[in-house]
Amino acid sequence: MSERKVRVRFAPSPTGPLHIGGVRTALFNYLFAKKHGGDFLLRIEDTDQARYVPGAEAYIQEALEWCGITIDEGPKQGGAFAPYRQSERKELYRQYAEQLLVSGDAYYAFDTPEELDQARTSAESKGETFTYNALSRGQMKNSISLPEEQSNALLLSSTHYVIRFRMPDNLDVTEVDLIRGRVTFNTSLLDDKVLFKSDGMPTYHLANVVDDHLMEISHVIRGEEWLPSMPLHVLLYRAFGWEDTMPRFTHLPLILKPEGKGKLSKRDGDKLGFPVFPLLWKDKVTGEPSRGYREDGYFPDAFINMLALLGWNPGTEQEIFSMEELCQAFTLERVGKSGARFDPEKTKWFNHQYFIKKSDQELGELLLPLLHIKGVTADLDMAVKVSGMVKERCNFVSEIWDQSHFLFRAPDAYDEKIVSKRWKDDVPAIMSEISHFFETLKVWHAPEIKEPFSAFVTAKGWNFGTVMNSLRLCLVGGSFGPDIFEICEIIGQSETVLRIRKAVDTIKI
RNA sequence: GGUCUGUUCAUCUAAGGGUUAGGAUUCAAGAUUUUCAUUCUUGCCAUAGGGGUUCGAAUCCCCUACAGACUACCA
């Protein structure tokens, strides 16, 4: 085997937003390319005009960008093998289909969709499956079964014909899949796939093989759903005479639903309460939004880290990987064979790991815009300080707000459970005394509050736990948050006193 | 239905003929935190089933079961 330059491609069809599975396929291609100093290309497979969704291609670009998967060649970035959009390569495919026609590896077929439907339903009624192949093509309308003049006449008169691959009969095709090993298929079970559609567009199979060859792709890394079409593709390479530069094939295991059966689908996310898309997607027709990891507050490196470990492992106990480390460590040999069930909980855990590693400064900068949205006036210093105080207890930037809103505004409600647990008969009187005590303090810094306060409580003979928890309830509205004296310091002396009084007045036992 | 692929704790996975089958997530308990969370410690939990081969099998072979993918003029 020659030392070919590694060139891989991610080839989605723009029929909607990319989902987790697609991102992972792109990621593994990218990691493989970078590991071997190769190129990663994006090719848009838009040969099905009926399923084309405007905006999908831009979404794919943006999603990969957000993930940190950089594209070496593609429709946006250009390259020596442009264009990278199959609709723009339309004219090219025709000649290759014709080459196969000449060599006898393909033929014209004139069957209408209705006729094909009929053949299928009649086979079905007999409990069989209709296959367009060596056995049946003699009974169908095509350039093999029909006399030449009739076939030529049809070709001239009818615009509706397709070009089909002439699948050899009873031939074992064996090919190596880099993670599964040798896989053998017998061609008698395969059908004469359409290569060229009546609308003048190639099908995936033709376009894919032609483009991979022309773009000098060295490795095809794609989802497991393509494994059954590997023999067709191999046979196409042979028919074209490109077998010596045929890419190596690798089929990635599927990503399964967290619960229940089947592969993860676009619907699952909204149903089960986690995003299946990298970015928010709004359906252009229904206007229905689907959540995205970016908008849900996940960091791209955490998202990528999680995805990389879904189906791949380094063979060590390391779990946290930067993109550079992934590029270094990645090998196809360590990709598993079986489908991986997606775990939203672990995704959260990954985000937490990245979250707590961020500096207070970084988090503060992310928090600031959120504060403005909440209608709070605060500067960066404040946002940074608050982030540092509560980041250990958060997974997302949005949770900083959940953990700290009481630092910006007084609680507008008190957690009922905590009230009934802490707000005993004698508490209002105690709290009143404390509010008076707080007014007498001259210095308002956490340590200088804590010390005299503790002495005061001890002198009064009150139960420390009760006092602290009730005080927290007054200030926060619940039973959570950082150190109580730090809260006092931040909200200020008068606000502290005010909140205690308000609680005493408002809370009913 | 047919073809292909797969099957180790609830989940992601390690161990590619010899380990008390390891780690992580989740869950549970304890410690810490005068709250919550974090953190730490501990615990629970697996080789789908059945046959072989072998001194020895999660690992190799066969059968069964289960799961998934594919079976379009969609990719």
Side-chain angles (χ1 to χ4, degrees), chain A residues 11-15 45-48 50-51 86 109 111-113 116-117 120 124 127-132 160-164 177 179-181 183-186 188-191 193-205 207-208 222-231 251 253-254 256 258-259 261-263 306 309-320 334 336-350 352 356 390-395 399 403 418 421-422 454 457 463-473 476 478-484:
Chain A
S13 76
T15 54
E45 309 228 326
D46 54 351
T47 52
D48 184 2
R51 292 208 310 159
Q86 289 185 328
D111 317 276
T112 63
L116 288 168
D117 269 349
R120 283 191 192 102
E124 211 171 300
E128 294 161 6
T129 316
F130 173 74
T131 316
Y132 209 122
H160 285 279
Y161 64 86
V162 300
I163 298 173
R164 282 181 185 271
D177 176 288
I179 68 185
R180 267 157 243 277
V183 184
T184 302
F185 297 84
N186 188 285
S188 353
L189 286 325
L190 271 24
D191 60 346
K193 273 273 174 300
V194 171
L195 299 178
F196 206 83
K197 300 185 269 187
S198 59
D199 64 0
M201 279 289 207
T203 59
Y204 167 81
H205 303 289
N208 185 263
R222 67 220 315 185
E224 192 182 348
E225 68 267 28
W226 292 108
L227 190 55
S229 49
M230 184 166 72
H251 295 89
L254 266 15
L256 277 15
E259 287 154 22
K261 300 174 171 184
K263 68 170 176 177
M306 174 280 295
L309 261 50
L310 204 54
W312 172 84
N313 76 83
T316 66
E317 282 176 4
Q318 183 179 353
E319 289 211 277
I320 303 299
R334 296 209 68 91
K337 293 174 166 60
S338 51
R341 214 174 262 276
F342 180 70
D343 184 359
E345 284 304 319
K346 188 121 188 195
T347 312
K348 252 184 221 167
W349 178 80
F350 272 111
H352 180 73
I356 55 178
V390 302
K391 75 174 179 185
E392 284 292 329
R393 25 169 74 71
C394 301
N395 297 316
E399 288 178 354
Q403 289 294 330
I418 307 301
K421 189 176 169 193
R422 302 289 183 196
S454 303
V457 171
N463 178 289
F464 228 104
T466 316
V467 172
M468 290 297 281
N469 287 305
S470 305
L471 180 56
R472 179 176 291 278
L473 181 64
V476 171
S479 175
F480 62 98
D483 180 77
I484 199 88

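Proteins get letters first, then strands, A, B, ... in listed order; numbering begins at 1 in each.
Within the 4.0 angstrom heavy-atom criterion, no nucleotide atom of any strand lies near G478(A). At a threshold of 4.0 angstrom between heavy atoms, the contacts of D111(A) include nucleobase atoms, whether or not backbone atoms are also involved. The residue R180(A) sits close only to the backbone: its heavy atoms come under 4.0 Å of sugar-phosphate atoms, none of a base. Within 4.0 Å (heavy atoms only), F185(A) reaches sugar-phosphate atoms of the nucleic acid but no base atom. If you check every strand for non-hydrogen atoms under 4.0 Å, T316(A) touches nothing. When heavy atoms are screened at a 4.0 angstrom cut-off, V162(A) is found touching base atoms of the nucleic acid. Residue contacts for P253(A): at a heavy-atom cut-off of 4.0 Å it reaches no nucleic acid atom on any strand shown.
Nearest nucleotide to the H352(A) side chain, out of C70(B), G22(B), U38(B): U38(B). Side-chain atoms of R334(A) lie closest to A15(B) of the nucleotides A15(B), A69(B), U39(B). The listed nucleotides are U26(B), U5(B), C73(B); the one nearest the side chain of S198(A) is C73(B). Closest to the side chain of E392(A), from the set A37(B), C73(B), C36(B), is A37(B). Ranking U3(B), A75(B), C12(B) by closeness to the S13(A) side chain, first place goes to A75(B). Closest to the side chain of R393(A), out of U25(B), A75(B), C36(B), is C36(B). Minimum atom distance to the side chain of E224(A) is reached by G68(B), of the listed C36(B), G68(B), A24(B). Side-chain proximity of R341(A) to the nucleotides U11(B), C73(B), G6(B) is greatest for U11(B). Out of C70(B), G2(B), G6(B), the shortest distance to the side chain of K337(A) is found at G6(B).
Relative orientation of the H205(A) and W226(A) rings is perpendicular, given thresholds of 30° and 60° on the angle between their planes.
Of the charged side-chain nitrogens involved, at least one lies within less than 4.0 Å of a carboxylate oxygen, so that K193(A) and D191(A) count as a salt-bridged pair. Salt bridge annotation for E319(A)-K346(A): present, with a cationic side-chain nitrogen under 4.0 angstrom from a carboxylate oxygen.
Other residues, nucleotides and ligands contribute at most 12 non-hydrogen atoms within 6.0 Å of the NZ atom of K337(A).
Rounding to the nearest 0.5 Å places CG of L256(A) at 12.0 Å from CZ of F342(A).
If you check U47(B) for Watson-Crick or wobble pairing at under 3.5 angstrom, you find it has no partner at all. Base pairing of U20(B) is not made with any nucleotide, judged by Watson-Crick or G-U wobble geometry with both donor-acceptor distances under 3.5 Å. In a base pair of the Watson-Crick type (N1 to N3 plus N6-O4 or O6-N4) or a G-U wobble (N1-O2 and O6-N3), with each distance short of 3.5 Å, C4(B) is matched with G68(B). Of all nucleotides present, only A10(B) satisfies the Watson-Crick or G-U wobble test against U25(B), with each distance under 3.5 Å.
Spacing between G49(B) and A58(B) at atom C1', rounded to whole Å, works out to 14 Å. A distance of about 28 Å separates the P atoms of A14(B) and U64(B), rounded to the whole Å.
For R51(A) against C74(B), a side-chain N or O and a base N or O form a donor-acceptor pair under 3.5 Å. Between the side chain of T129(A) and the base of G2(B), no donor-acceptor pair of N or O atoms lies under 3.5 Å.
Atom-to-atom, CG of N469(A) to C1' of U33(B) comes out at 12 Å; the value is rounded to the nearest Å. The interatomic distance linking D483(A) (CG) with C36(B) (P) rounds to 14 Å, in whole Å.
Regarding contacts with the backbone of C73(B), a side-chain N or O of R120(A) is found under 4.0 angstrom from either OP1 or OP2.
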In sequence, state the C-alpha distance, the side-chain angles, and the governing distance for H251(A) and R180(A), and then conclude on side-chain hydrogen bond (donor to acceptor under 3.5 Å, both in side chains).
CA-CA 8 Å; H251(A) 295 89; R180(A) 267 157 243 277; 5.6 Å; no
